[in-house]
Protein chains: 2
Amino acid sequence: MNQSKRYLDIVRDIRDMIRQEKIKPGDRIPSERELAETMQVGRSTLREALRSLELLGLIETRRGEGTFLSDHRNQKLVEVLSTFVLQDNQSHEDVWETRLLHEVAAIQAICRNEAASQMKVWESLRLRLEDESFLREDFVRELMVLSGNRLSLKIWFLLKQYSGNPYDGTVSSEEIGSMNDILAAIERQDADTAIHGFKAWSEWLQKERIRNGNDS
Amino acid sequence: MNQSKRYLDIVRDIRDMIRQEKIKPGDRIPSERELAETMQVGRSTLREALRSLELLGLIETRRGEGTFLSDHRNQKLVEVLSTFVLQDNQSHEDVWETRLLHEVAAIQAICRNEAASQMKVWESLRLRLEDESFLREDFVRELMVLSGNRLSLKIWFLLKQYSGNPYDGTVSSEEIGSMNDILAAIERQDADTAIHGFKAWSEWLQKERIRNGNDS
DNA sequence: AGGATATGAGTGGCCAGACCACTTTCAAAA
DNA sequence: TTTTGAAAGTGGTCTGGCCACTCATATCCT
């Protein structure tokens, strides 16, 4: 029968409880002693289940206060994924390529979405470009956010770190031109041109990094 | 200093131990009592760490035998996370979209690579299509593998599970036509047509699943 | 001698009870 | 009214114990 692995049952029970009691992210769930009592299990067994859920980022515990439903949803999800995915043999090239893949897809998604293409964001972005302290990363992150795919954003964020923060530094005067071109293309929903420009910028950046001897 | 969260240290220590001792998947790791002794922690605390690792699919425990390094990761991980994390529709949509994103990119990469487009794989794939027991998933996985990006492959594999194994089942006679079209387009390196066909197939599949009432 | 059986050591699964460290609360003291 | 401090509640950890299971070994019966 369903022998052994009681802590897995507890994981399921906790999930059901959260559903039924309509506990929202950020809410506090009953204390360990209380849960152990109602579920008729020892506290240490219950803790095994809670610790598992915590490592997954599903709950959050604060000593002296209690246990709370985590509100970061797929925040930790991606972190967990990264420990699986990026633990070995990831050639730098794969990381680079995959990151670019997400960026291109983001631009494509923005261009497809009429509303996104015509937002005021672009104006303000263009203005901020003139600022000497405008970070390259801010530019790309803005694109990722505006794509609307939060999961892709999280994955991108991780990949960016694994590829040694390729967008480190501020936008130089040489780059402003091509970045303006990219923005213009997006505004008129010309995905091909925008992507082409972006890829060109990305490659230029990569060579620049190599020339300056930046490493991962 | 490093207060609280001792079990996290243990997780790290165990991982390091596995690395140093060169323990391979399937190998047995020391017993709980032994580990607790050498790490100078209580057995229950150690167990919290082990249970966490087990839920992640990194280890496997068999009562009466011992604890072993798991070779097939993410098993319960996906199960648990998909029920906890992916509650809202936005997340489901994001997962679906991101998976498709990787698939499309794979096709594009294959088409760009002249050598890959002209491999014999396509012939054998076309033959296997005729087989009644040919799994949809095999088809897509083949594409992902041939793209050459192993990182993307891994991410895809996880996302596939999170979106409820969208390619479950065998290829039906209705689908063979469009799949052959996709293969043909790839062979002549016509990325646009291949992708267009693939997306159409993917959407058709999604509707089919909804009609049959498949869930998570 | 050979096969079936009992035994004991080792292992994970689970529990009860005990401290400790920390946070919050609220009543008593200033 | 403000400050203080004691108590209650919570997670963090350890100890020691018992149970259920596996496996290798020794033992017994044929």
Side-chain angles (χ1 to χ4, degrees), chain A residues 1-15 17-18 21 23-72 76, chain B residues 1-15 17-18 21 23-72 75-76 80:
Chain A
M1 212 69 77
N2 191 10
Q3 291 170 342
S4 74
K5 310 303 179 192
R6 189 118 167 211
Y7 87 101
L8 283 178
D9 293 340
I10 299 178
V11 166
R12 193 168 37 72
D13 287 347
I14 292 178
R15 185 200 59 192
M17 180 202 69
I18 289 173
E21 309 281 346
I23 301 177
K24 295 171 192 169
D27 285 356
R28 184 165 165 274
I29 68 178
S31 73
E32 297 182 348
R33 291 169 177 85
E34 207 169 327
L35 284 174
E37 172 83 15
T38 65
M39 293 188 181
Q40 290 290 299
V41 299
R43 196 181 150 213
S44 44
T45 305
L46 180 96
R47 275 180 63 83
E48 292 180 8
L50 287 181
R51 256 6 83 210
S52 298
L53 292 176
E54 189 187 23
L55 191 67
L56 288 183
L58 299 175
I59 61 175
E60 198 176 328
T61 56
R62 296 199 280 274
R63 177 190 238 158
E65 297 183 53
T67 306
F68 304 83
L69 239 196
S70 177
D71 49 355
H72 296 109
K76 293 259 174 104
Chain B
M1 212 68 81
N2 190 9
Q3 293 171 339
S4 73
K5 309 302 177 193
R6 186 120 170 210
Y7 87 100
L8 284 179
D9 293 340
I10 299 177
V11 166
R12 192 169 37 72
D13 286 348
I14 291 178
R15 196 195 51 193
M17 182 200 70
I18 289 173
E21 310 279 347
I23 301 176
K24 299 172 193 168
D27 286 356
R28 185 164 164 275
I29 68 179
S31 73
E32 296 182 350
R33 290 171 177 83
E34 207 169 327
L35 283 174
E37 171 84 15
T38 65
M39 293 189 181
Q40 290 290 297
V41 300
R43 196 182 149 213
S44 47
T45 304
L46 182 96
R47 275 180 63 82
E48 291 180 9
L50 287 181
R51 254 11 81 207
S52 298
L53 291 175
E54 188 185 23
L55 195 67
L56 282 181
L58 293 174
I59 62 174
E60 193 178 332
T61 55
R62 295 198 281 273
R63 176 190 234 154
E65 297 183 55
T67 305
F68 304 83
L69 241 197
S70 177
D71 42 359
H72 55 284
Q75 196 75 33
K76 298 171 196 116
V80 173

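Every chain is numbered from 1, with letters handed out A, B, ... down the list of sequences. Source: prediction; values computed, not measured.
Between Leu50(B) and Ile10(B) there is no side-chain heavy-atom pair separated by less than 4.5 Å. Counting heavy atoms from C-beta outward, Thr67(B) and Glu60(B) have side chains that stay 4.5 Å or more apart. Annotation: side chain of Tyr7(B) is in contact with side chain of Leu55(A) (closest heavy-atom distance under 4.5 Å). The closest side-chain heavy-atom distance from Arg51(B) to Arg51(A) is not below 4.5 Å.
Between the CD atom of Glu48(B) and the C1' atom of dG13(C) there is a distance of 14 Å, given to the nearest Å. One atom, CG of Leu46(A), and another, C1' of dG11(D), lie 12 Å apart when rounded to the nearest Å. The nearest whole Å value for the distance from the CZ atom in Arg62(A) to the C1' atom in dG9(D) is 15 Å. Separating the CZ atom of Arg6(A) from the P atom of dC19(D) is a distance of 16 Å, rounded to the nearest angstrom. Per the geometry, CZ belonging to Phe68(A) stands 12 Å off C1' belonging to dG9(D), to the nearest Å. Rounded to whole Å, the distance from CD1 on Ile29(A) to P on dT10(D) is 12 Å. One atom, NZ of Lys5(A), and another, P of dG12(C), lie 10 Å apart when rounded to the nearest Å. Look at CG on Asp9(B): it is 13 Å from C1' on dT13(D), rounded to the nearest Å.
Side-chain N/O atoms of Thr45(B) include one lying less than 4.0 angstrom from OP1 or OP2 on dC14(D). Taking 4.0 angstrom as the limit, Thr61(A) places a side-chain polar atom (N or O) nearer than this to OP1 or OP2 of dG12(D). Between dT13(D) and Arg43(A), no contact under 4.0 Å exists linking OP1 or OP2 to a side-chain N or O. Regarding contacts with the backbone of dG13(C), a side-chain N or O of Arg51(B) is found under 4.0 angstrom from either OP1 or OP2.
Not counting sequence neighbours, the partners of Glu34(A) by the side chain to side chain contact (heavy atoms under 4.5 Å, CB included) test are Pro30(A), Ser31(A). Not counting sequence neighbours, the partners of Ile23(A) by the side chain to side chain contact (heavy atoms under 4.5 Å, CB included) test are Met17(A), Ile18(A), Glu21(A), Asp27(A), Ile29(A), Leu69(A). Evaluation of the side-chain hydrogen bond (donor to acceptor under 3.5 Å, both in side chains) rule for Thr61(B) yields Lys5(A), Glu54(B) as partners, not counting sequence neighbours. Applying the salt bridge (Lys or Arg N to Asp or Glu O under 4.0 Å) criterion to Glu65(A), with sequence neighbours excluded, gives Arg62(A).
Of all heavy-atom pairs between Pro25(A) and Ser70(A), the closest is CB-O, 3.6 Å. Between Ala49(B) and Val11(B) the shortest heavy-atom distance is CB-CG2, 3.9 Å.
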- Message: Could you write out DNA chain C as dot-bracket? Rules: Watson-Crick or G-U wobble, both distances under 3.5 Å, brackets [ ] for crossings, | for pairs with another strand, dot for unpaired.
- Response: ||||||||||||||||||||||||||||||
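Non-hydrogen atoms lying under 4.0 Å from DNA chain D are contributed by Arg33(B), Gln40(B), Val41(B), all within residues 32-41 of chain B.
Across all strands shown, Arg47(A) has heavy atoms under 4.0 Å from base atoms, whether or not it also approaches the sugar-phosphate.
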- Query: Step by step, would you call Arg47(A) with Glu32(A) a side chain to side chain contact (heavy atoms under 4.5 Å, CB included)?
  - Reply: CA-CA 7 Å; Arg47(A) 275 180 63 83; Glu32(A) 297 182 348; 2.8 Å; yes
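A salt bridge links Asp9(A) to Arg12(A): one of the charged nitrogens lies within less than 4.0 Å of a carboxylate oxygen.
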Protein and nucleotides 7-10 of chain C: nitrogen or oxygen contacts under 3.5 angstrom:
{"unit_1": "dG10(C)", "atom_1": "N2", "unit_2": "Gly64(B)", "atom_2": "O", "d": "3.1"}

